[in-house]
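Count residues from 1 along the sequence. Model, not experiment: these values are computed from the prediction.
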Amino acid sequence: MDFAKAHVNGRIGITVKGATKPFALDASQLTVNSVSVNGRPAKFAFDEKGAKLKIPGVPARESLVEIEYSKQVSDDVIFGLYKSKYGKEYILATDLEPAEARTVFPCVDEPAFKAVFKLQITTEDGLGVIANTPMVSKESTGGGRMTCTFQDTPRMSTYLLFFVIGKFEETKITTDGIDVIEATRPGRAQDSRIALEITAESLSEYQRYFGVPYPLKKLHIVALPEYHTGAMENWGAISSRESYALITEDTSFTQKNRGAMSMVHEVAHQWFGDLVTMKWWDDLWLNESFATFMSYKMTDRLRPDWEMWGIFLRDEGFHALNLDALSTTHPVQGHVRDVFESMHTFDAISYGKGACVLRMLEAYVGEEAFRKGVSNYLKEFRFSNASGKDLWDALGKASGLPVTMVAKEWLTRPGYPVVRVTTKAGKTLLSQSRFTLSGKKAPGVWPIPISLRANGIEKSAFLDRRAGRVNARADRELVVNLDRTGFYATLYDGAGYERLARNFSQIGPHDRAGIMYDLYLFLQADLVGPELYARFVALCGANPDAITAQIVTEQLMQLTAIADESLVIKEVEPEYYPPLLDAFGEEPRPGEPPYVGATREYLTSQYASVNESYGRKMASLFENFADLDSNLKPAAAIGYAMTNGARAEKRLQDMARTFQGEVDRANVYEGLCAFKEPELVEHTLDLGMSGRVSRSDSGYPLFLSAYNPYARDVLWGWITRRYDDMREMYAGSQQFYLYMARAIPMCGVEHEAEVRRFLSGKRLKEGGSSVTRILEQLHINSRLRKRLLKTRN
Ligand SMILES: [Zn+2]
């Protein structure tokens, strides 16, 4: 490896047993110089797509195939083997999931083809080199070069291989005899502690929970200055964007929580994904839902005052409910034909719905039977591959319950039910049908474990037919789906909503959050009117509750983005924001739980966007930006930008370019995307792609300006001009479509036909159904916009 030139001269030896005819390896973007089989030169050729390296002379008996190849690392990509840049320097890093290993070395790039990797890297002397396993030797080879040899890996899949080369500082904690090490670029090591601690704590807690030891001697976190997603679970060496791995006491709760959770998620993968891997990408959800569910469960154990299950509802459950109500949704456990199709399954369905179903299953079988089943599954399939059914069977065996049947019903079908609730003569009547945002009828009956509270008495029922009844008098009180553990929506009748409104102050936080989310779904689907929704928003203003306030504020952000002129939304603002700001204050209060900081961030930043005088008040805090309570920084940046317009631009841009910490840069982008002057937002969008800021930041402008109603037209115009540049930057990655799925359904609300025309030519294989999904959500938003503008406007 020539680090300075970013050039690879690679040599790989693969022991092949039982070679098929014709024998071929996955290899792309590599120049192959020679191939030998059992020591003799062999013929080779690439297929017409340049993606398969065909080697006809490999016999069926055990053979050694050796390949010499080279590769020039591109300056433009940020995955595969790429340059993670900072200032004038870079780190060479790999990021190989799902199908980039083949761009770094020839291999059979499928998760079921596990292998032991013996890695040796020769490069310039004096650089740091980190890989999955500990380095066993470093020898100088003369001419200013050295050779680093790493311990053999366990049997593992190709997408989990990892190495980085660059300059690093390291911080270490040892737990249960395992070194947990965070590597950062020089000068950033002092910000490692919080991520490192929770990683180490979760590592030892998982060993106890799973009853299976962590099989490696060390676990790295490598904080990368440019990173295109969040973090990645490479075995023994988690890679992460800096905002997740470099967090301090001063970091806002939202960012701290996101970073810590992300580490706990990747540590869960060290077992679930790395030790036992899905057979094929159609079971990707098994990796992701499980790691997602476990990250909440484990963080809740380690940080009980973080209100993790409330955050679970905000970030996982509700997003999944929205996506899964589109006709373009897919089953959690779906059929994936090729690896490109797998990319669009990295979404809120794989992560969020899967995690919700696991939560429902844990509640169904009990915590201990769930743990036992998971532990047995990991023991049986360690260093190997498994499918979803293997896990259900293990949970079934541990609990004696028909888990496989229940799991199948929820995971192999798309969508979920809406349960309609009415009351009559001392009985509660329930009926179910599939819920769709479009309002189109769709078939489906689910086996639903239902919980409810009627006149103070808790009851449970199992609804596995279209309709059923529960003997429960509910004239005073009726709440269904207690603590929001079920993955379904509940639609009450008029009397039911009256009852909920009357009792709102008595309803628990997760139940309130559930009611608000269902109302938001029904508002989109035209099952309830804007007035009813607004009435409950006002009730949330009068009944302060930290998590519900975060969820409702996020809904109001979306509604403002697509229909800021709507009177019904404007009129509810004074009933919502001021009382909540009063209740939660603008300064931390002694003894308050940490997640209240996030509520303060949501409320202040959104109110600063919609209320000019409040925006001015927040702007006055901007002068003290560095010392400001981190939860108020977004609001200060937004207020500053909205109040000062063009006069604020240069200062904010300079901060985005020069701030070392990604977390603070993210706060600055909040301001840069909040301008009322569309041309200034356009400058921000250009800045993200200009190469003058970190490529880790390229998503912020798109993501954040999507919420700015003044920027709707300019954002849509910008996307049409820069779509191909963006796609190229993220080519082969799902990240591009995640950004587009966020931005287009909001900024395109007044251009639906034009968006449709534009995107019709852009259905690309790595996007799968992403484009049709974007169009469907856009249609729903446009329809909602029209309705909101008609109501009292
Ligand atoms: Zn994951």
F435: which of F487, Y488, F522 passes ring-ring contact (aromatic ring centres under 6.0 Å, His included)
F522
With F318, which of Y520, F312, Y517 fulfils ring-ring contact (aromatic ring centres under 6.0 Å, His included)?
Y517
[X] with [Y]: basic N within carboxylate O range, under 4.0 Å:
X: R756; Y: E752; result: yes
X: E750; Y: K786; result: no
X: D686; Y: R722; result: yes
X: R665; Y: E670; result: no
X: D654; Y: R657; result: yes
X: E226; Y: R695; result: yes

Is a donor from one side chain sitting under 3.5 angstrom from an acceptor on the other, for [X] and [Y]?
X: E649; Y: N644; answer: no
X: E601; Y: Q606; answer: no
X: Y533; Y: Q555; answer: yes

Got a sec, which residues hit side-chain hydrogen bond (donor to acceptor under 3.5 Å, both in side chains) with S74, two or more places apart in sequence or on another chain?
none
side-chain hydrogen bond (donor to acceptor under 3.5 Å, both in side chains) partners of D564, counting only residues at least two apart
R712
Which pair of heavy atoms, one from L715 and one from A743, lies closest together, and at what distance?
CD2-CB, 4.3 Å
Can you confirm whether E612 is buried at CD, in the sense that more than 12 heavy atoms of other residues, nucleotides or ligands lie under 6.0 Å from that atom?
no
K570 atom NZ, over 12 foreign heavy atoms within 6.0 Å
yes
Any side-chain heavy atom of [X] within less than 4.5 Å of one from [Y]?
X: H683; Y: E677; value: no
X: L559; Y: L788; value: yes
X: Y227; Y: Y244; value: no

Passes salt bridge (Lys or Arg N to Asp or Glu O under 4.0 Å), D324 versus R413? Steps please.
CA-CA 10 Å; D324 204 24; R413 265 195 286 149; over 6 Å; no
